Q: 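Sending over a structure as structure tokens; questions will come in a sec.
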Amino acid sequence: MSEKKTVTVKLVRSPIGTRVDHRATVRGLGLRGMNSTSVLEDTPAVRGMINKISYMVVVL
């Protein structure tokens, strides 16, 4: 039984003034305000979302 791999994402730039779909991606990752973090399962879908808004987030 192997544990699922996870990735921790932190929002370091405000989504104000960004594209609507980028703001939706931030919410889809479970991030709310600045400096909020979210622990997610490391899947290709999550990786793609992180890649899309890479200028706003930091992977811890």
Side-chain angles (χ1 to χ4, degrees):
M1 213 159 52
S2 65
E3 290 188 30
K4 302 238 181 204
K5 302 222 180 199
T6 61
V7 60
T8 305
V9 184
K10 181 177 182 179
L11 186 64
V12 294
R13 182 186 183 281
S14 174
I16 296 171
T18 60
R19 293 174 43 152
V20 176
D21 60 321
H22 287 200
R23 289 196 294 271
T25 303
V26 169
R27 293 295 294 129
L29 288 172
L31 301 169
R32 290 187 167 266
M34 290 287 297
N35 296 316
S36 65
T37 59
S38 184
V39 179
L40 305 159
E41 190 176 334
D42 192 6
T43 63
V46 170
R47 285 283 174 176
M49 292 170 78
I50 292 169
N51 189 49
K52 183 175 184 177
I53 58 166
S54 61
Y55 63 98
M56 282 195 276
V57 296
V58 170
V59 177
L60 303 174

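In this chain, numbering begins with 1 at the start of the sequence shown. None of the values given here were measured: they were computed from a predicted structure.
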Q: Could you give the distance from OG1 (Thr37) to CG (Leu31), rounded to the nearest 0.5 Å?
A: 8.0 Å
Q: Quick one: pull up CZ in Arg32 and CZ in Arg27 and give me the separation to the nearest 0.5 Å.
A: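 Interatomic distance, Arg32 CZ to Arg27 CZ, rounded to 0.5 Å: 4.5 Å.
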Q: Examine distances only and state if a side-chain atom of Ser38 and a backbone atom of Leu29 form a donor-acceptor pair shorter than 3.5 Å.
A: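 Such a contact is found between Ser38 side chain and Leu29 backbone.
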Q: Let me check something: any side-chain donor-acceptor pairs from residues 46-59 under 3.5 Å, sequence neighbours excluded? List them with distances.
A:
| unit_1 | atom_1 | unit_2 | atom_2 | d |
| --- | --- | --- | --- | --- |
| Arg47 | NE | Asp42 | OD1 | 2.8 |
| Arg47 | NH2 | Asp42 | OD2 | 3.2 |
| Lys52 | NZ | Asp21 | OD2 | 3.2 |
| Ser54 | OG | Asn51 | O | 3.4 |
| Tyr55 | OH | His22 | ND1 | 2.6 |

Q: Does Val39 sit in a hydrophobic cluster with other residues, and if so which ones, taking ILVMFWY side chains as linked at heavy-atom separations under 4.5 Å, directly or through other members?
A: none
Q: State the OG1-CD distance between Thr6 and Glu41, to the nearest 0.5 angstrom.
A: 9.0 Å
Q: Does atom CD1 of Ile16 have more than 12 heavy-atom neighbours from other groups under 6.0 Å away?
A: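 Check fails, neighbour count at 12 or below.
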Q: With sequence neighbours excluded, what pairs up with Val20 under the side-chain contact (heavy atoms from CB on, under 4.5 Å) test?
A: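 Expected list: Arg23.
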